[in-house]
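Chain letters run A, B, ... following the sequence lines, proteins first and then strands; every chain starts at 1. For clarity, every value in this text was computed on a predicted model and none was experimentally measured.
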Amino acid sequence: MDKKEFKGIIEALLFVSGDPVSIRDLAGALEIEQKEVMEIIREMKDQYNFERRGIQIIEVDGHFQLATRPEHFEFIQRLYSPQRKQGLSQAALETLAIIAYKQPITRAEIDTIRGVQSDKALYTLSERKLIQEVDRLDTVGRPILYGTTIEFLRYFGFKSIDDLPQLLEEQITYLDENTR
Amino acid sequence: MDKKEFKGIIEALLFVSGDPVSIRDLAGALEIEQKEVMEIIREMKDQYNFERRGIQIIEVDGHFQLATRPEHFEFIQRLYSPQRKQGLSQAALETLAIIAYKQPITRAEIDTIRGVQSDKALYTLSERKLIQEVDRLDTVGRPILYGTTIEFLRYFGFKSIDDLPQLLEEQITYLDENTR
Amino acid sequence: MTYRVKLEVFEGPFDLLFHLIEKNEVDIYDIPIAEITAQYLQYLEDMRYFDIEVASEFLVMAATLIQIKSRMLLPQQEEDGTEEDIDPRQQLVERLIEYRKYKGITEELKKREDKYQLLLFREPSPVESYVDYEPILINIDISDLCKAFDSVMKRYSSLYNEDTGLERSIRRESITVVDKIKYITNRLRYEKEVLFQSLFGDGETRESIVVTFLAMLELIRLKRIMVEQRNTFGDIIIRNRKTKAGDK
């Protein structure tokens with residue numbers, strides 16, 4: 001089978017699934033190595049972008065999914081008027097930023113950084129499955145330790161959790177350099 | 001907007017829809033003539049075929065839809081195969097056969113025929129949605145009467161519940177005649 | 001004079017302080033504490049004016065600011081001989097800087113949220129349209145069902161009828177699974193597709209049917225054949241499994 005054939009099959013698999021498909025499942029269906037799948041998908045991504053296709057391959061935590069492009073939203077809206085979900089509040093975003101960067105983290109620590117109580121924000125974020133209880137601290141009251149979810153990655157378009165600290169750190173360095 | 005852009009948008013629209021989209025709707029969303037849409041789609045079809053893509057555009061009665069290709073069917077099945085259900089145990093199969101043939105039937109009756117308790121089998125079959133509670137007997141304890149489900153019919157390719165006992169009877173008579 | 005200014009809402013005292021620092025364009029490391037404190041307190045006044053409940057955190061911060069201010073006004077004590085004094089603002093500055101980190105990230109997240117909200121996905125295709133190889137699915141079909149029924153009824157009747165037990169003992173071995181596997185693969189060599197039903201000829205014995213079925217299951221397990229039902233109620237068709245990847 002040539003690479004073109006593999007690309008076609010991967011496209012078909014992602015199309016049928018709708019949901020994210022793990023690289024492991026793709027490799028299993030194609031009966032090739034995961035490494036090879038990765039390489040093919042990387043090429044596909046480039047091709048899709050180069051050809052300005054209507055779909056793109058997004059990657060979240062070792063899973064791949066087909067999605068439309070933001071620039072086509074307007075046209076899709078004309079035809080289907082999909083509802084845009086309400087964005088997160090400033091408080092929720094702030095809380096999420098702290099959790100993303102400092103996870104696992106307790107509510108008390110978040111409150112200290114923010115200078116305000118974060119109960120409501122934590123509730124919203126849990127409801128939207130953007131954060132989860134990852135563990136509990138071994139101290140009095142066994143406080144919950146929060147962390148981000150895969151949904152968080154998808155929601156903000158991060159490939160993996162490793163993308164995150166890097167990006168955040170860059171920003172901080174950048175901010176510091178530009179304000180000192 | 002160039003043709004490539006239109007192609008991208010059409011792809012996105014068809015991708016999101018899932019259902020067939022009329023040429024009129026496409027023309028409306030793109031704000032171009034239907035004739036032009038037709039021409040673009042014709043080109044897209046050719047491209048998809050030429051590039052042996054994983055998806056194709058199928059046309060039904062002035063409506064367009066994305067679909068996978070038959071030659072990729074096998075791979076799609078492989079993808080789904082890890083989720084394949086386990087086979088039914090002999091106990092479950094027996095219980096199902098009794099219910100299919102003798103429905104509506106109580107658990108006590110099933111137990112009598114099988115000579116053993118059927119709780120677990122009944123649970124499994126309910127879980128798999130092959131049987132359901134169809135009624136309750138009007139006696140002490142109001143025991144549940146079990147019957148088969150639509151899923152059961154679908155699964156075995158029966159058109160209706162009426163076909164079932166007859167067919168089973170025929171088959172069993174047939175089996176019996178040929179073995180006795 | 002009513003002044004109808006929409007009061008900006010701040011997430012907390014740090015948010016407000018940070019806003020004041022930016023507004024006054026002052027160095028975060030050298031905050032003019034008297035000025036900022038005055039503005040901070042004014043804001044709390046405005047909140048009261050607009051009947052906005054002032055959260056306790058804002059009041060705690062107000063107290064902190066006033067405390068820092070007074071400490072800065074006090075003459076520096078040098079009794080322990082240390083040259084450089086600890087800036088009373090230091091702790092506050094550190095916390096502000098920590099807070100600012102996440103403020104920056106929050107903006108980035110907001111931007112990303114706006115962008116990725118515009119991505120749309122596709123509903124998964126119904127699995128059934130791809131997997132209606134039901135015999136592969138759970139490896140049972142109608143004849144299995146009959147077999148099961150038959151055997152259970154036999155067992156049941158044997159409890160009450162001795163005859164059936166006798167009958168069973170004189171049954172003879174005839175066709176093996178291997179024979180049937182050969183038969184099926186042989187047919188598939190010449191026919192592209194074989195109807196499942198056609199595997200059972202007239203006058204087939206029950207063993208033969210069961211054995212044929214077992215042979216079919218074995219071939220499915222070995223991935224030698226594919227069983228397909230194109231329509232939900234359609235015929236079951238047996239085909240050689242296509243090995244597109246090329247046979248080794």
Side-chain angles (χ1 to χ4, degrees), chain A residues 1 5 14-20 30-32 55-56 58 65-74 76-77 80 82 84-85 87-91 93-98 100-102 111-118 121 154-158 164 167-169 171-172 174-176 179-180, chain C residues 8-18 21-22 25-30 55-61 64 92 94-127 129-131 223 243-246:
Chain A
M1 214 183 309
E5 184 70 16
L14 295 181
F15 176 82
V16 166
S17 163
D19 292 326
L30 292 167
E31 294 175 345
I32 58 174
I55 50 178
Q56 60 176 331
I58 60 163
Q65 186 175 20
L66 290 180
T68 58
R69 291 174 188 280
E71 59 263 37
H72 293 147
F73 185 81
E74 184 196 332
I76 297 168
Q77 209 169 24
Y80 309 113
R84 282 185 67 171
K85 257 205 233 155
L88 293 168
S89 70
Q90 187 65 23
L93 281 170
E94 243 181 57
T95 307
L96 193 54
I98 293 166
Y101 191 57
K102 290 255 180 186
D111 289 353
T112 305
I113 294 172
R114 293 190 60 224
V116 285
Q117 300 239 320
S118 307
R154 208 192 58 77
Y155 190 82
F156 292 101
F158 294 115
L164 190 63
L167 171 107
L168 297 175
E169 233 140 24
Q171 274 228 345
I172 291 154
Y174 172 82
L175 274 173
D176 280 355
T179 44
R180 285 224 177 172
Chain C
E8 241 186 290
V9 178
F10 294 97
E11 285 304 324
F14 287 128
D15 197 19
L16 171 54
L17 265 183
F18 197 57
I21 288 163
E22 282 195 323
E25 293 178 347
V26 295
D27 184 353
I28 195 164
Y29 292 96
D30 189 19
S56 60
E57 293 97 345
F58 284 92
L59 300 175
V60 171
M61 178 58 77
T64 308
L92 179 69
E94 276 167 9
R95 290 189 65 188
L96 267 171
I97 285 168
E98 175 79 352
Y99 174 75
R100 191 187 58 182
K101 281 186 196 173
Y102 303 104
K103 186 102 176 116
I105 297 153
T106 302
E107 280 157 25
E108 170 69 15
L109 288 182
K110 183 79 210 147
K111 264 185 250 158
R112 279 182 166 264
E113 182 187 41
D114 286 344
K115 180 182 167 193
Y116 284 94
Q117 287 255 324
L118 301 181
L119 262 60
L120 296 166
F121 302 93
R122 194 177 168 271
E123 287 292 310
S125 301
V127 179
S129 53
Y130 290 95
V131 187
K223 297 195 171 164
T243 37
K244 272 258 181 84

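- Residue contact with chain C, scored on non-hydrogen atoms closer than 4.5 Å, involves the backbone of Arg69(A) exclusively.
- Between Asp19(A) and Arg122(C) there is no salt bridge, since none of the side-chain N atoms of the basic residue sits less than 4.0 Å from a carboxylate O of the acidic one.
- Looking at Glu94(A), both its backbone and its side chain come within 4.5 Å of chain C, counting heavy atoms on both sides.
- Taken to the nearest 0.5 Å, the CG atom of Leu14(A) stands 10.5 Å off from the CD1 atom of Ile58(A).
- Under the side-chain contact (heavy atoms from CB on, under 4.5 Å) criterion, Tyr116(C) pairs with Arg112(C), Leu119(C), not counting sequence neighbours.
- No other option in Gln56(A), Lys102(A), Glu71(A), His72(A) has as many heavy-atom pairs under 4.5 Å with chain C as Lys102(A).
- Contact of the Leu118(C) side chain with the Glu74(A) side chain is not registered, since no non-hydrogen atoms from C-beta on lie closer than 4.5 Å.
- Contacts with chain C were tallied for Gly18(A), Ser89(A), Ser17(A), Pro70(A); Pro70(A) has the most, counting heavy-atom pairs under 4.5 Å.
- With a threshold of 4.5 angstrom between heavy atoms, Ile113(A) approaches chain C through its backbone and through its side chain.
- No other option in Leu96(C), Leu120(C), Asp15(C), Val60(C) has as many heavy-atom pairs under 4.5 Å with chain A as Leu120(C).
- Of all non-hydrogen atoms in Leu88(A) and Lys110(C), the two that sit nearest each other are O-NZ, 3.9 Å.
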